[in-house]
Visitor: 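If you scroll down you'll find the structure; I have some questions about it.
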Amino acid sequence: MNTLSPRAAIGLFLIVVLAWGVNWSVTKQLVQFVPPLWSAAIRSWIALAGLFVLLGLSNNLVIPERRDLPVILSVALLHMTLFSILVASGLRFLPASKGIVLGYTTPLWVALAAPLFGKDTLTAPKLAGALLGLIGLAVILNPSSIDWTNPNVLLGAGMVILAAISWAANIIYIRAHRWIGSPLQLLLWQVLVATIVLSVGATAVDGLPHVEWSWRLVLLFLYSGLVGTVLAYWAMSMVNKSISALTTSLGTTGTPLVGIASAAILLGEPIDASLAVAAALIVSGIGLATLGDRLLRSQATARG
């Protein structure tokens, strides 16, 4: 695939941030009609069909090499399955605006955990960024923001935080993997594994789905499967070829801000002071940790 012009890449990247941010409000609505496991499974089936068409048209349908199987399983199980289940389950009890802020603490867990596995170095900027983000996490979890008397709300918050940690574990492994196929070429196989696991799990836990279909529900699933998954991942693969990793890393911090705004517009969720302060602290912490990480990599490269 050819690289894009800077203007086209930034435009496509904005679409990714919008698609992912709005998808949290869409998921919040889906789990009101469909159990979380089946919600994730049906969305995954739609994404699988869309990816098959997209990759076929772009000549990116390949049989993966054996050495790529670990990363296929890692992404499929930790991110596409576990992360999706925990987020969908957590959003049954938690506002989408608070859910997306908790869910996007992932880079903070990466910054803290990667050095423990010898995959990174905990520099002062990264530590400061992680601590700033953890303070933001404490703000959003304080009793005036989260109803501590409601065990379902606490359970929902815990599920979304666990989802962020599972995504972080996946990122740490991905960084160490030596890719044979491109991320876009392996995406179909990751979604295929996730779809099978989600469908089997949903059938075992909930039985066959009993869904009262409506045009609204169909459109929500189509958005989540095609826009929030297929379009977003394809666009991100194009963006990664055209602009720097630092730009994309910092740019994705806009996703929770879009998520908060979309939840206010689409779901009528209030933006209280705790949410605004927590989002600012977490986004700032991620930005600081990201800049520290890139600075360390640049210095290492300069030293040869």
Side-chain angles (χ1 to χ4, degrees), residues 1 16 20 37 40-41 43-45 47-52 54-56 58-88 103-122 126 159-202 204 225 228-230 232-241 245 248-249 252 289-290 293-294 296-297 300:
M1 291 182 289
V16 173
W20 280 343
L37 275 168
R43 184 210 64 205
S44 194
W45 277 108
L48 183 65
L51 278 170
F52 185 82
L54 177 64
L55 297 185
S58 61
N59 294 320
N60 275 296
L61 282 177
V62 299
I63 302 297
E65 297 282 345
R66 181 178 298 179
R67 285 174 291 176
D68 274 333
L69 291 181
V71 79
I72 290 174
L73 294 175
S74 170
V75 174
L77 299 179
L78 288 176
H79 188 193
M80 296 182 175
T81 299
L82 188 56
F83 178 86
S84 297
I85 292 172
L86 289 170
V87 164
Y104 269 80
T105 57
T106 293
L108 304 177
W109 305 119
V110 172
L112 290 172
L116 300 177
F117 296 94
K119 304 297 183 183
D120 216 335
T121 302
L122 189 58
K126 290 169 68 176
M159 285 180 172
V160 177
I161 292 173
L162 283 176
I165 293 172
S166 74
W167 188 6
N170 182 220
I171 290 173
I172 291 171
Y173 177 78
I174 286 175
R175 286 183 176 180
H177 179 75
R178 294 186 178 182
W179 296 75
I180 307 302
S182 71
L184 183 62
Q185 290 172 333
L186 299 183
L187 182 59
L188 176 70
W189 301 97
Q190 293 161 351
V191 174
L192 175 61
V193 172
T195 302
I196 294 171
V197 174
L198 286 167
S199 300
V200 172
T229 305
V230 176
Y233 277 106
W234 169 81
M236 200 62 185
S237 71
M238 295 293 292
V239 167
N240 284 333
K241 292 176 176 292
T248 57
S249 297
T252 52
T290 301
D293 182 55
R294 297 303 169 187
L296 179 67
R297 292 172 187 269

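Heavy-atom basis, side chains included; hydrogens, waters and symmetry copies ignored. Since this is a predicted model, take the numbers as computed values, not measurements.
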Visitor: Taking all non-hydrogen atoms of both residues, which atom of Ser84 and which atom of Arg43 are closest, and how far apart?
Guide: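 What the structure gives for the nearest pair is OG-NH2, 3.2 Å.
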Visitor: Only counting residues at least two apart or in another chain, list the ones meeting side-chain hydrogen bond (donor to acceptor under 3.5 Å, both in side chains) with Thr105.
Guide: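 Partners of Thr105 by the side-chain hydrogen bond (donor to acceptor under 3.5 Å, both in side chains) criterion, ordered by chain and then number, come out as Trp109.
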Visitor: In Å, rounded to the nearest 0.5 Å, how long is the span from CG of Leu184 to CG of Leu54?
Guide: 6.5 Å
Visitor: Can you check whether Ile174 reaches Trp179 side chain to side chain, under 4.5 Å on heavy atoms?
Guide: yes
Visitor: Search all heavy atoms of Leu198 against all heavy atoms of Ala40 and return the closest pair with its distance.
Guide: CD1-O, 3.8 Å
Visitor: For side chain to side chain contact (heavy atoms under 4.5 Å, CB included), just list the numbers for Leu61 and Phe52, CA-CA rounded to whole Å, side-chain angles, deciding distance to a tenth of an Å, and then say yes or no.
Guide: CA-CA 8 Å; Leu61 282 177; Phe52 185 82; 4.1 Å; yes
Visitor: Please tabulate, for side-chain N and O atoms in residues 71-80, each donor-acceptor pair with protein atoms closer than 3.5 Å (sequence neighbours left out).
Guide:
residue : atom : partner : partner atom : Å
Ser74   : OG   : Asn170  : ND2          : 2.5

Visitor: Report the distance from atom CH2 of Trp20 to atom OG1 of Thr229, rounding to the nearest 0.5 Å.
Guide: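 The distance works out to 10.0 Å.
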Visitor: What heavy-atom pair brings Gly181 and Leu186 nearest, and what distance separates the two atoms?
Guide: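 Closest heavy-atom pair between Gly181 and Leu186: O-CD1, 4.1 Å.
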Visitor: Give me the atom names and distance for the closest heavy-atom approach of Ala163 to Val87.
Guide: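 That closest heavy-atom pairing would be CB-CG2, 3.7 Å.
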Visitor: Looking only at heavy atoms, which two atoms of Trp45 and Ser199 are closest? And how far apart?
Guide: NE1-OG, 2.8 Å
Visitor: When you compare the side chain of Met236 with that of Pro183, does any pair of heavy atoms fall below 4.5 Å?
Guide: no
Visitor: Rounded at 0.5 Å granularity, tell me how far CG in Leu187 sits from CG in Leu192.
Guide: 11.0 Å
Visitor: At their closest point, which heavy atom of Leu37 faces which heavy atom of Gly201, and how far apart are they?
Guide: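 In terms of heavy atoms, the two residues are closest at CD1-O, 3.9 Å.
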Visitor: What I'd like to find out is whether the side chain of Leu188 reaches to under 4.5 Å of the side chain of Leu48, using heavy atoms alone.
Guide: yes
Visitor: Quick one: pull up OG in Ser166 and CD1 in Ile85 and give me the separation to the nearest 0.5 Å.
Guide: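 So the OG of Ser166 and the CD1 of Ile85 are separated by 10.0 Å.
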Visitor: Please check if the number of heavy atoms outside Tyr173 that lie under 6.0 Å from its OH is greater than 12.
Guide: yes
Visitor: Walk me through whether Asp68 and Gln185 qualify under side chain to side chain contact (heavy atoms under 4.5 Å, CB included).
Guide: CA-CA 11 Å; Asp68 274 333; Gln185 290 172 333; over 6 Å; no
Visitor: Would you give the length of the straight line joining atom CD of Gln190 to atom OG of Ser44, rounded to the nearest 0.5 angstrom?
Guide: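 Nearest 0.5 Å value for the CD-OG distance: 11.0 Å.
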Visitor: Residues two or more places apart in sequence or in another chain: which of them pass side-chain hydrogen bond (donor to acceptor under 3.5 Å, both in side chains) with Trp189?
Guide: none
